Every structure is written in C-alpha cells, then in structure tokens.
Amino acid sequence: FILALLIDPISKDIDITEIELGLLIGASFAVVYSVAGLPLAMWVDRGNRRNIIAMGAIIWGSCTVASAFADGFSTLAASRVGVAIG
C-alpha cells in the first residue's frame with residue numbers, strides 16, 4: 001500500500017511512466033502472487049511449515065528493503081515480485 005500512497009514522489013524520483021506504475025502496482029504483484037500461490041500452498045502442505053514461513057519472511061523482508069534502494073523500473077518490479085513470492 002505504501003507504493004500506492006507514494007506514487008508521485010516515486011515516479012518523479014526514478015523517472016517511470018504511468019504505464020510502468022500501473023504494472024508495478026497491479027500486474028507485477030497480482031499476477032505473480034496468483035500464479036505462485038498454488039505451488040507454494042502445495043509445498044506448505046507437504047513441507048516443514050516453520051522453515052517455509054521463515055524463508056518467506058526472509059524473502060519478503062529482503063525484497064521490501066531492496067525496493068527502497070531501487071533505481072529504476074526493472075529493479076523495483078523485481079523487488080515487487082519478490083514481495084509477492086515472500
């Protein structure tokens with residue numbers, strides 16, 4: 001939700017278009033979250049949940065921190081994908 005709140009300063013800071021902003025807010029998160037959800041849910045059912053949750057928290061946290069240091073569309077999109085998977 002922070003990305004949506006800070007859309008104007010972010011778009012000016014890293015010089016991205018409105019189309020790229022729409023992809024960052026919508027598709028880069030929602031599509032990956034939807035596609036990765038089923039395989040990850042099956043893995044959670046069959047694997048060690050404690051370790052999977054710990055790994056998910058580490059991925060989520062590191063990608064959230066990485067998004068703070070993004071200098072362009074591709075790095076911000078990659079970190080959003082990591083947040084979705086985490």
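When reading the values below, keep in mind they use all heavy atoms of this one structure, side chains included, and skip hydrogens, waters and symmetry mates. All of these numbers come straight from a predicted model, not from anything done at the bench. Heads up: numbering here begins at 1 and tracks the sequence.
In this structure, Tyr33 places its OH atom where only 12 or fewer heavy-atom neighbours from other residues, nucleotides or ligands lie under 6.0 Å away.
Atom CD of residue Glu18 and atom OG of residue Ser11 lie 8.0 Å apart, to the nearest 0.5 angstrom.
Hydrophobic clustering of Ile, Leu, Val, Met, Phe, Trp and Tyr side chains at less than 4.5 Å, counting indirect connections, keeps Val32 apart from Ile25. A continuous path of hydrophobic side-chain contacts links Leu6 to Ile16 [ILVMFWY only; heavy atoms under 4.5 Å]. Linking Ile, Leu, Val, Met, Phe, Trp and Tyr whenever their side-chain heavy atoms come within less than 4.5 Å leaves Val81 and Phe73 in two separate clusters. Leu23 and Val31 sit in two unconnected hydrophobic clusters of ILVMFWY residues. Membership requires side-chain heavy atoms under 4.5 Å apart, directly or through other members. One hydrophobic cluster holds both Ile85 and Val44 under the rule that ILVMFWY side chains link at heavy-atom gaps under 4.5 Å.
Taking every heavy atom of both residues into account, Asp71 and Ile14 meet most closely at C-CG2, 3.9 Å. Contact record, Gly72 with Thr75: O-OG1, 3.1 Å, taken as the closest heavy-atom pair. Contact record, Ile52 with Trp43: CD1-O, 3.5 Å, taken as the closest heavy-atom pair. Of all non-hydrogen atoms in Gly82 and Cys63, the two that sit nearest each other are CA-SG, 3.4 Å.
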Met55/Ile59 under side-chain contact (heavy atoms from CB on, under 4.5 Å): CA gap, chis, key distance, verdict: CA-CA 6 Å; Met55 188 172 65; Ile59 292 170; 4.0 Å; yes
Walk me through it: do Leu76 and Ser79 pass the test side-chain contact (heavy atoms from CB on, under 4.5 Å)? CA-CA 5 Å; Leu76 189 55; Ser79 64; 3.9 Å; yes
